[in-house]
Structures are given as structure tokens and as C-alpha cells.
Amino acid sequence: MAVTIFTMTHKKFEEPSDPVYVPLQVGRACGEDLGYPGDDTGDNISRKNCYYGELTGVYWVWKNVRTKDYVGICHYRRYFCTEEGRIFNEKDYRSLLQEYDIITSKKLKLNFSYFDGYASDYNIFDLITTGEVIRQKYPAYYGNFERLVHGNGTYFANMMVAEKSLYDEYCAWLFSIFDEVEKRIDADAYDDYHKRVFGFISEFLLLVWVETKGLKVCECKIGMTTEKYETKRMKETLADFFRKKDIAGAKAFFLESLEKRPDVLMEASDITGELKIAMQVVAVCELEQAQSGECVIDRIREFDELMRYFAGLNDAVNACRMDSLQEENIRFLKEEQISDIAIEASARMFCTEEAEQRRVAKAVKAFRSR
């Protein structure tokens, strides 16, 4: 059986050379025609793209692609790949699908329940309403919805590959739920980011559907070919603030950006982890300035150098926590001018218990002073 992976896009991109990947422009009914096949032909919901995101493409494949073969969804900058980072080809997909029912992303492990995470960033009424619709329409799925929504796992990116009949079954279930949820919530009251409520919730609902169906799942690594535009712009702006030694400005910009786009710190967006480190830079500099009037950006102002400095500190602290400190970690601690505040802040990132934080920070300081 053949495999076709539809690559969802809303902008021009460098297409993979492998013919298994077919571009599909989502939301084309609402914007410029980019020259790719679009989701605005046949039976479609293209005009709902501001609420559904890539799901308008998922819907189009469900309703307009007639095949008994395998179909899948990826993004213009996200692809299923090997652990070494090679993008899957058709042979890879065919081999996996002989053993598994469905290919999805690796499950995200959150530091909080999905319910609490959703409540902190979005309108929790929408998630509760979705659960209520599932209870009414699909009671066999409700027990797993309740269990998983209070767990700490979710899939992300709405990426999957399966036999078309199974794909269609999932879509029929998913969109019938959202048809009813649409009638009960007011997404028009949200800003452009939060309007994509159905795209957000569907990532979690794939997990509910897969577990309730008892499918054999292959959870695969997702490789990123390019960084999000929003992430890149944030880093460039923060670099300007750091260069000017404007920590207050960097903090205000960070908080404003997080309010607009709370997803920017997620692993799928901050693929290098540099935004998290930038947040660490701001926190440490604030504390250092309050204590002595000086901070690390008095010495290091370039963004790349700050990333190297704090990444080196974090590596040393984490290695010390795991009792696996290497010579290169010790050399870094001795050569760099690292404050007690920076060490203690890093220890808080890796240790949940206060006693453990103190133990690790004390050990790191001892190595630094040798």
C-alpha cells in the first residue's frame, strides 16, 4: 500500500524532494493563493482556519482524498524522523505501519496536569465543554478523557499517519465533537492566537481516541527544519535588550510576549531551549543587580555568548546533581565568573526539593572555589 503525507502550510517553504510529501495550503479561502493545492476545494472548512488551524487541512484530506492506502499529516517545518534526525521516507513509513496501527508524535510529558496547563493559558470553559460533549455523544470515551485530562501527557502538532479508513474514523469522531462544541463556546471573543481553540484541544483528543481504541501506536521523534518566525523575532529583540543592558525592558517584553503567545516556551516552539535560557538570564540579572548593582551582562552582552555561558552553567549544575561532574564542567566553573545567585537559580531549575537545591548549589560552589 502506498503512503501519502500531506504537508500542511500557510506560507511558502522549501519542499522535501521525496514525493511521499504533498504540500497542502491550509486556510487558503482566507488568504493568498501560494500556488500549492489548497483546502478550499470540494467539501471543506477552509474559512474556519482561524479557529481550527491545520485541522482545516486534516478535514480536507478526510473528505476529499479517496484511497485505501495510508495517509498522514505533517507540517512545512515539522516532520517525523529517525532518532538521528533523518526525515522519514516512504520505506520507513511502510515498515512501521506493518507493525503499528498509527504513527504519532512522541508524547509530551508536562510538569503539571493537562487540565491545569490549559487553564493557565486558555479558557478552561472550552476544555470542560469538550469533555461534556464527549460524555453526551461518546460516553465510552469519557472515562479516559477524565483520566487523561488530569494526567501530564499529550500529543502535539496534530501529526499522524494511518490507513485511510482509520484516519477517516478518527476525523468523523473528532469533527462531530467540535461541531457541537462550536455551538456552545464563543471563540470570536478571543484574540487571533487563542481563537485556534480547536487546533489546541485536538492535540490532546488524539491521545484520548488512541488510548480508548486500544491502538498500537508508534510514537516518533519530530524534527524541526526551521525555527518559528515568532521565536526567531523574540530572540532578536531580547538580544537587543541584552546588548543595551536593559533587563527591565527584556523582562517587560518577555511577559508581554508570553501573554500573547504562551506556547513560545514549549519544546515544539523553543527548539533550541534558548528562550528558556533567556528567561533565566533576566531572572539572574535582576537578582544580581538587586544585591550588588552589577550583573553578568555588565561583562557579557552578546546573545550567543550569554547562551553559551548559562548553558555551560546548567550543564555543570545538572551533572553535579547526578553525581557525574566531568573535568570540562569543573574547568568551566573555575574559569567563568559565576555568582552564587546564578548557581542557586540554576539549581532551582533542576531540583524540586529545597534541600536538594541547597545540596547541589553548595557542591557546585565548592568545585568553583577549588
Heavy-atom count around Lys221 NZ within 6.0 Å, excluding the residue itself: above 12?
yes
Any heavy-atom pair between the side chains of Leu325 and Phe367 that's under 4.5 Å?
yes
Can you name the nearest heavy-atom pair linking Ile222 to Cys81, along with the distance?
C-SG, 4.0 Å
For Gln291, does the CD atom sit with more than 12 other heavy atoms under 6.0 Å from it, leaving out its own atoms?
no
Decide, yes or no, whether a salt bridge links Lys107 with Glu211 under the criterion of side-chain N to carboxylate O below 4.0 Å.
yes
Apply side chain to side chain contact (heavy atoms under 4.5 Å, CB included) to Lys63 and Tyr59, showing your working.
CA-CA 6 Å; Lys63 291 294 187 178; Tyr59 182 98; 3.5 Å; yes
Counting only N and O atoms by type, is there a donor-acceptor contact under 3.5 Å from the side chain of Glu90 to the main-chain atoms of Pro19?
no
Take Thr130 and Ile177 through the test side chain to side chain contact (heavy atoms under 4.5 Å, CB included) and record every step on the way to the result.
CA-CA 7 Å; Thr130 301; Ile177 292 168; 4.1 Å; yes
Should Arg28 and Asp39 be marked as a salt bridge (Lys or Arg N to Asp or Glu O under 4.0 Å) after you check the CA-CA gap, both sets of side-chain angles, and the distance that decides it?
CA-CA 6 Å; Arg28 193 169 71 173; Asp39 66 352; 6.0 Å; no
For residues Tyr79 and Phe88, establish whether the separation of their ring centroids is below 6.0 Å.
no
Salt bridge between Glu182 and Lys48, side-chain N to carboxylate O under 4.0 Å?
yes
Measuring from Thr67:OG1 to Asp168:CG, what's the distance to the nearest 0.5 Å?
10.0 Å
Atom CG of Leu205 and atom CZ of Phe198: how far apart are they, to the nearest 0.5 Å?
11.0 Å
How many angstroms lie between CH2 in Trp209 and OG in Ser202, if you round to the nearest 0.5 Å?
13.5 Å
Please indicate whether Glu259 has more than 12 foreign heavy atoms, meaning atoms of other residues, nucleotides or ligands, lying under 6.0 Å from its CD.
no
Between Met160 and Tyr170, is any pair of side-chain heavy atoms under 4.5 Å apart?
yes
Is it the case that the side chain of Arg47 and the backbone of Gly27 share a donor-acceptor pair, with hydrogens and angles ignored and the cut-off at 3.5 Å?
no
Could you check if a side-chain atom of Phe175 sits within less than 4.5 angstrom of a side-chain atom of Ile45, using non-hydrogen atoms only?
yes
Which is it for Glu344 and Arg358 under the salt bridge (Lys or Arg N to Asp or Glu O under 4.0 Å) test, yes or no, and what are the steps along the way?
CA-CA 8 Å; Glu344 291 161 4; Arg358 290 193 295 271; over 6 Å; no
Could Asp340 and Arg368 be called an ion pair, given the rule that one side-chain N must be under 4.0 Å from one carboxylate O?
yes
Do Ile103 and Phe80 have side chains that approach each other closer than 4.5 Å (heavy atoms only, starting at C-beta)?
yes
Verify whether the ring centers belonging to His194 and Tyr122 lie closer than 6.0 Å.
yes
Spell out, as yes or no, whether a donor-acceptor pair under 3.5 Å connects the side chain of Asp298 to the backbone of Cys295.
yes
Look up atom CG in Leu258 and atom CG in Asp121, then write down how far apart they are to the nearest 0.5 Å.
9.0 Å
Check Arg184 with Glu180, please: is the shortest side-chain N to carboxylate O separation under 4.0 Å?
yes
Basic-acidic side-chain contact under 4.0 Å: Glu83, Lys106:
yes
With side chains defined as the heavy atoms from C-beta onward, is the minimum distance between Tyr141 and Lys213 less than 4.5 Å?
yes
Report yes if the distance between the aromatic ring centroids of Tyr118 and Phe204 is under 6.0 Å, otherwise no.
no
Looking only at non-hydrogen atoms, find the nearest pair between Arg196 and Gly53 and report the distance.
CD-CA, 4.3 Å
Note: Asp69 and Ala2 closest approach over all heavy atoms is CB-O, 3.1 Å
Are Val3 and Met1 connected into the same hydrophobic cluster when the rule is that any two of I, L, V, M, F, W, Y join if their side-chain heavy atoms are below 4.5 Å apart?
yes
Does Tyr155 offer a backbone N or O that forms a donor-acceptor pair with the side chain of Glu203 under 3.5 Å?
no
Heavy atoms of Cys218 and Cys220 approach each other most closely as SG-SG, 3.4 Å
Are any of the side-chain nitrogens in Glu328 or Arg331 under 4.0 Å away from the carboxylate oxygens of its partner?
no
So does Asp116 get a backbone contact from the side chain of Ser113, meaning a donor-acceptor N/O pair under 3.5 Å?
yes
Mind listing the closest non-hydrogen atom pair of Leu313 and Phe332 along with its distance?
N-CE2, 3.3 Å
For residues Leu55 and Asn158, determine if any side-chain heavy atom of one lies less than 4.5 Å from a side-chain heavy atom of the other.
yes
So do the side chains of Val65 and Lys164 get within less than 4.5 Å of each other, counting heavy atoms only?
yes
Once rounded to the nearest 0.5 Å, what's the spacing between atom CD of Gln25 and atom OH of Tyr76?
12.5 Å
Backbone of Ile343 reached by a side-chain donor or acceptor of Ser346 within 3.5 Å
no
Given 3.5 Å as the limit, does a donor-acceptor pair link the side chain of Glu288 with the main chain of Val296, or not?
yes
Tyr142 with Ile124, same ILVMFWY side-chain cluster at under 4.5 Å
yes
Among Asp92, Val161, Ile102, find the one that has a side chain to side chain contact (heavy atoms under 4.5 Å, CB included) with Leu97.
Val161
Ring-face cation of Lys195 near Tyr190 (centre distance under 6.0 Å, axis angle within 45°):
no
Would Lys12 count as a cation-pi partner of Tyr36, with NZ or CZ less than 6.0 Å from the six-membered ring centre and within 45° of the ring normal?
yes
Would you say Met279 and Ile297 are hydrophobically clustered, going by side-chain heavy atoms of ILVMFWY under 4.5 Å?
yes
Hey, are Asn49 and Glu54 close enough side-chain-wise for a donor-acceptor pair under 3.5 Å?
no
For atom NZ of Lys91, decide whether the heavy atoms of other residues, nucleotides or ligands shown that lie under 6.0 angstrom number more than 12.
no
So does Asn314 get a backbone contact from the side chain of Asn318, meaning a donor-acceptor N/O pair under 3.5 Å?
no
Beyond-backbone contact of Phe115 with Leu127, side-chain heavy atoms, under 4.5 angstrom:
yes
Atom pair NZ/SG of Lys251 and Cys285 - distance to nearest 0.5 Å:
12.0 Å
Looking only at the aromatic ring of each residue, does the gap between the centers of Tyr70 and Tyr93 stay below 6.0 angstrom?
no
Would a distance-only check, ignoring hydrogens and angles, find a side-chain to backbone donor-acceptor pair under 3.5 Å from Asn329 to Gln326?
yes
So, Tyr193 versus Phe200, ring centres under 6.0 angstrom or not?
yes
Strictly below 4.0 Å, N to O, side chains only: are Glu336 and Arg308 in salt-bridge contact?
yes
I'd like to know if the side chain of Ser292 and the backbone of Gln289 have a donor-acceptor N/O pair within less than 3.5 Å.
no
Other residues, nucleotides and ligands only: do more than 12 of their heavy atoms fall within 6.0 Å of CD on Glu353?
no
